[in-house]
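One-based numbering, in listed order, for ligands and for the atoms of each. What you are looking at is a predicted structure, and each value in this text was computed from that prediction instead of being measured.
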Amino acid sequence: MEADFPFWLRASHLFNFVLLGILIRSGWEILASLPRLWWRNDSKPGTEWLRFTKRKLPTEEGVYTSLMDERSMSPLLSLPGRENIGLGRHWHGLGVMLWVLNGLFYVIMLFATGLWTRIIPTSWDVFPEAWESLTIYAGFGVPSIEHFQPYDALQMLTYTGVVFVLAPLMILTGLAMSPAIRSRFPWYLKIFGGVQVARSLHFICHTAFIIFLIMHVGLVFLVHPEYNLPHMMLGIEANQPEYYAQAFTVALLGIVVVIAFLIGLSYLSLANRPRAQRFLVAATEPGRQLFLNWMRSRMSKQKVFTEKDISEFHWTNGLPPTEDESPEWLAHRDEDWADWRLEVGGELSGETIQLSLADLQAMPKQEYIGIQSCMQGWTATSKWAGVRLRDVLDLLGPRPEQAKYVLIESHGLAQVMYDNRPREPFYSVIPLRDVNEDDTILAYERNDRPLDEHLGAPLRLRVESSHGYKMVKWVRKIEWVTDYADIGDGRGGTREDSAMQAFNGRI
Ligand SMILES: Nc1nc2c(c(=O)[nH]1)N[C@H]1C(S)=C(S)[C@@H](COP(=O)(O)O)O[C@H]1N2
Ligand SMILES: [Mo]
């Protein structure tokens, strides 16, 4: 007789358990970086439907940064813990990729082996039968053994719901949070009614997953364990109670080992964060290349978002330069940018040109309503206007052969350095594919007004297909470069250096 719980089923189940652990724990790290949830299309403080922090936020813009709102979680609970949003996101990315692959394998095998008939109900009788089981459990009883073949009606309904409804919902709401995907398919986001709605739904589905996990594991130990456990754990035929002690030990030990492994991942990551970043970015890069890198923003072409969608509130990350940080930026500001110049060029081009704000405003204007998201989780919809980055670079003549990236430097300083050395100027390196997008602009206006100081006046970068950390505010200089290995800590930007984010800002 074919085993009821064949090896592939047990192996993919165990792997799924580990991956769900990675996803939940890294999900908590991500949530802790902005411990608030909204149903709105913006993230206005005070309008959250749920928060995990006692901090009261100022409702005024530009005095508080999202980085200040990040909470530290214990490495026992989150992956990796201690305010490491970048690494948490990478773990989440790796977890997702493996979890989707494992899930596909499971579903394909389910149908290939015919075992799907055990979890997908084929008769309406499943509902009354499930109700009967439910009433028995509600009376703290256990349905008798004949109900389980090997699953009872309630289990069938639950498993079908988790595998074919809850898991896909997790994936669909997760996708809506990627700036590359929503900028390429803006209508997709419209279905949910905004990033924050998708984010809240993602959280609710995660809660359902946790409830399912607890009940599932709990019931395995409570419902006919002497009959089922040997069957499930050891893959031997059902009803061999003499194997019960052995099976019980295997199950309990399995759970303990997985939990220890998950906590171990946190401490391993924290022990050497640059190493963890290198490993995780390398492991996830093929996925990003396959699914995200080819996407180009169509936000300006499709005009899915309109004036009605413009947000009331825009978070700030990074406060304007102070007198100590950039006296020259303050001096220019006080003169209304009259003598301020954008420096364009550098060594590779052989020449450097200086552009005034009026020069930039005289160039073709690119305007669109788009969404800005911080990797921490907040979003805001605004009308942005400025000049295409590629148009400005074209003023230097044809792209030099060795030019592979554009380095963008700021008047402002990084908020933190990862090793607490003195703060250095904020910078970001943009790859050609992002430089060449229609919606990659040096913005000088937002919502038909000159850019606010806290949002990057007089000029800030916007890359619609990326998260906010690529979008340098208070831009001072742009230049072609060949590589970014020698710039900063060599990861391609201030947030890549300080928060261990990926160079690729699309997920
Ligand atoms: N110069 C500078 N640019 C910056 C930052 C910064 O700290 N300094 N923070 C980045 C991050 S992490 C985000 S999310 C966005 C936030 O843009 P906003 O403050 O306009 O909302 O700016 C990006 N550009
Ligand atoms: Mo950010």
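Considering only heavy atoms from C-beta on, Phe305 comes within 4.5 Å of Leu189 through its side chain.
A salt bridge (Lys or Arg N to Asp or Glu O under 4.0 Å) with Arg390 is found for one member of Asp438, Asp434, Asp439 and no other, namely Asp438. For the salt bridge (Lys or Arg N to Asp or Glu O under 4.0 Å) test with Glu437, the passing option among Arg462, Lys301, Arg506, Arg184 is Arg506; the others fail.
Residues Trp474 and Trp340 keep their aromatic ring centres 6.0 Å or farther apart.
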Distance-only criterion, 3.5 Å: show the donor-acceptor pairs between side-chain atoms of residues 56-65 and protein atoms not counting sequence neighbours.
{"from": "Glu61", "atom 1": "OE1", "to": "His454", "atom 2": "NE2", "distance (Å)": "2.9"}
{"from": "Glu61", "atom 1": "OE2", "to": "His314", "atom 2": "N", "distance (Å)": "2.9"}
{"from": "Tyr64", "atom 1": "OH", "to": "Asp69", "atom 2": "OD1", "distance (Å)": "3.2"}
{"from": "Thr65", "atom 1": "OG1", "to": "Leu67", "atom 2": "N", "distance (Å)": "3.4"}
{"from": "Thr65", "atom 1": "OG1", "to": "Met68", "atom 2": "N", "distance (Å)": "3.3"}
{"from": "Thr65", "atom 1": "OG1", "to": "Gln415", "atom 2": "OE1", "distance (Å)": "3.4"}

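Remark: the backbone N or O of Met375 is paired with a side-chain donor or acceptor of Arg89 at under 3.5 angstrom.
For ligand 1, the atoms closer than 4.0 angstrom to any heavy atom of Cys374 are 14 (S). Listed by number with element, the atoms of ligand 1 under 4.0 Å from a non-hydrogen atom of Trp315 are 18 (P), 19 (O), 21 (O).
Contacts with ligand 1 closer than 4.0 Å are made by side-chain heavy atoms of His314 only, the backbone lying farther away. Residue contacts with ligand 1 for His467 are absent, since no atom lies close enough (heavy atoms, distance under 4.0 Å). With a 4.0 Å cut-off on non-hydrogen atoms, Lys473 touches ligand 1 through its backbone as well as its side chain. The residue Met375 has no part lying near ligand 1, judged by heavy-atom distances below 4.0 Å. Residue Tyr427 does not touch ligand 1, judged by heavy-atom distances below 4.0 Å. Neither the backbone nor the side chain of Lys470 has any atom closer than 4.0 Å to an atom of ligand 1 (non-hydrogen atoms only).
The pair Glu343-Arg341 does not count as a salt bridge, with every side-chain nitrogen at least 4.0 angstrom from each carboxylate oxygen.
A ring-ring contact (aromatic ring centres under 6.0 Å, His included) check over residues 477-507, counting only residues at least two apart or in different chains, returns the pairs Tyr405-Tyr484, Tyr405-Phe503, Tyr484-Phe503.
Of the listed residues (Gly318, Gly468, Ser373), the one carrying the non-hydrogen atom nearest atom 10 (C) of ligand 1 is Gly468. The nearest non-hydrogen atom to atom 6 (C) of ligand 1, considering only Phe426, Trp474, Tyr469, comes from Phe426.
Looking at Thr316 next to ligand 1, no N or O pair under 3.5 Å apart turns up.
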